[in-house]
Protein chains: 2
Amino acid sequence: MKTPNHSQANILKVLEQTKKPLSAQEIWAEIQKQGQKIGVATVYRNLESLKIKGLIQIRTVHNQAIYSLVSEKQNFATCLQCGERTPLGISLAQSVEAPTLQSQAFEVYYHTLEVFGLCSPCQERSP
Amino acid sequence: MKTPNHSQANILKVLEQTKKPLSAQEIWAEIQKQGQKIGVATVYRNLESLKIKGLIQIRTVHNQAIYSLVSEKQNFATCLQCGERTPLGISLAQSVEAPTLQSQAFEVYYHTLEVFGLCSPCQERSP
DNA sequence: TAATATCTGATAATGATTATCATTCTTTAA
DNA sequence: TTAAAGAATGATAATCATTATCAGATATTA
């Protein structure tokens with residue numbers, strides 16, 4: 001795994017500070033606001049690297065990538081329309097019962113348990 | 001829930017026939033290839049409707065939305081790099097052990113159990 | 001130190017998605 | 001049925017997040 005560089009450290013810092021998912025543009029603006037000089041391309045490039053390292057997570061809302069730290073909390077109810085994502089106060093073990101969430105004014109259509117990582121070919125591709 | 005129209009029926013048919021996730025552009029091309037006349041905008045509009053109805057699922061790979069029918073199989077290993085998504089031969093109950101997938105030449109970084117649907121405000125917003 | 005490889009910033013290019021708007025198809029009510 | 005109101009469609013222009021390019025800066029290696 002490559003050593004985290006300065007740009008990546010700045011990105012991680014911003015995500016830690018704001019404590020909420022941000023778009024690439026927002027991250028870019030925030031780093032600049034903090035006095036660091038950085039280009040958009042660099043932000044995108046390093047977000048990609050951080051993703052491949054498994055340090056940040058990405059989801060897409062309204063055709064825009066939203067980045068966040070990979071945290072312990074991984075159970076959410078995501079609205080298909082507005083994209084709002086509210087944490088579920090349940091553990092992974094309990095979450096198999098998630099569809100009972102119906103009672104919480106959230107209309108469940110489907111749920112997904114997804115494992116993210118690198119497949120074998122891609123592991124070789126990025127040493 | 002609105003009655004499914006002709007365009008939506010065509011989209012669903014294509015997804016059923018090809019049995020694999022497709023981009024909007026691919027769906028558009030396929031419907032046209034089958035002799036139906038349809039505009040891109042219509043494809044996008046109806047994909048959105050089908051999403052809100054919970055009939056199709058979306059994920060984003062390389063900055064492009066990929067659509068698929070909401071199926072029974074909801075356990076996948078997704079590669080962070082190439083986006084390849086291979087079904088896991090495990091049930092939801094078993095899947096809490098998914099991290100043991102390590103042994104399968106897939107390097108697991110994190111996993112997510114996500115529930116998709118409509119939040120309360122959005123339910124009222126789209127009758 | 002010099003040579004090589006990697007990273008960066010500015011900016012142009014790309015391309016998927018969305019907005020616009022005139023037209024066509026549907027539904028509703030008299 | 002028929003006319004008015006509403007919704008859906010298609011063609012195309014506009015948007016805008018992301019990516020490619022490339023010259024210069026920085027880091028690494030021998």
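Each chain gets a letter, A, B and so on, in the order its sequence line appears, and its residues count up from 1.
- The distance from atom CH2 of B:W28 to atom P of D:dG10 is 11 Å, rounded to the nearest whole Å.
- Mapping A:E48 and B:R45 onto DNA chain D by nearest heavy atom places B:R45 closer to the 5' end of the strand.
- Note: NE2 (A:H62) to C1' (C:dA16) measures 16 Å, nearest angstrom.
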Step by step, work out the salt bridge (Lys or Arg N to Asp or Glu O under 4.0 Å) result for B:E48 and B:K51. CA-CA 5 Å; B:E48 180 64 18; B:K51 180 187 81 173; 3.5 Å; yes
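- The side-chain heavy atoms of B:T60 and B:I66, taken from C-beta on, include no pair separated by under 4.5 Å.
- For B:E114 and A:Y110, the side-chain atoms include no donor-acceptor pair closer than 3.5 Å.
- Computed from coordinates, the B:H6 NE2 to C:dT27 P distance equals 14 Å when rounded to whole Å.
- Remark: the backbone N or O of B:I31 is not paired with any side-chain donor or acceptor of B:Q34 at under 3.5 angstrom.
- The side-chain heavy atoms of A:Q32 and A:I38, taken from C-beta on, include a pair separated by under 4.5 Å.
- In this structure, B:N46 reaches the D:dT9 phosphate: one of its side-chain N or O atoms is under 4.0 Å from OP1 or OP2.
- For A:T42, no side-chain nitrogen or oxygen approaches OP1 or OP2 of C:dC7 to under 4.0 Å.
- Atom CD1 in A:I58 sits roughly 16 Å away from atom P in D:dA17 (whole-Å rounding).
- OP1 or OP2 of C:dT17 has not a single side-chain nitrogen or oxygen of B:N63 nearer than 4.0 Å.
- In this structure, CD1 of B:I38 is placed 15 Å from P of C:dC25, rounded to the nearest angstrom.
- A:N5 has a side-chain polar atom (N or O) that falls below the 4.0 Å cut-off from OP1 or OP2 of C:dT8.
- Atom CD in A:Q64 sits about 18 Å away from atom P in C:dA16, given to the nearest Å.
- Remark: P of D:dA17 and OH of A:Y67 are 12 Å apart, rounded to the nearest angstrom.
- Distances shown here put every side-chain N or O of B:K37 at or beyond 4.0 Å from the OP1 or OP2 atom of C:dT24.
- The phosphate of C:dC7 (OP1 or OP2) has no side-chain N or O of A:S7 nearer than 4.0 angstrom.
- Atom pair A:Y44:OH and C:dA10:P shows a separation of 15 Å (rounding to whole Å applied).
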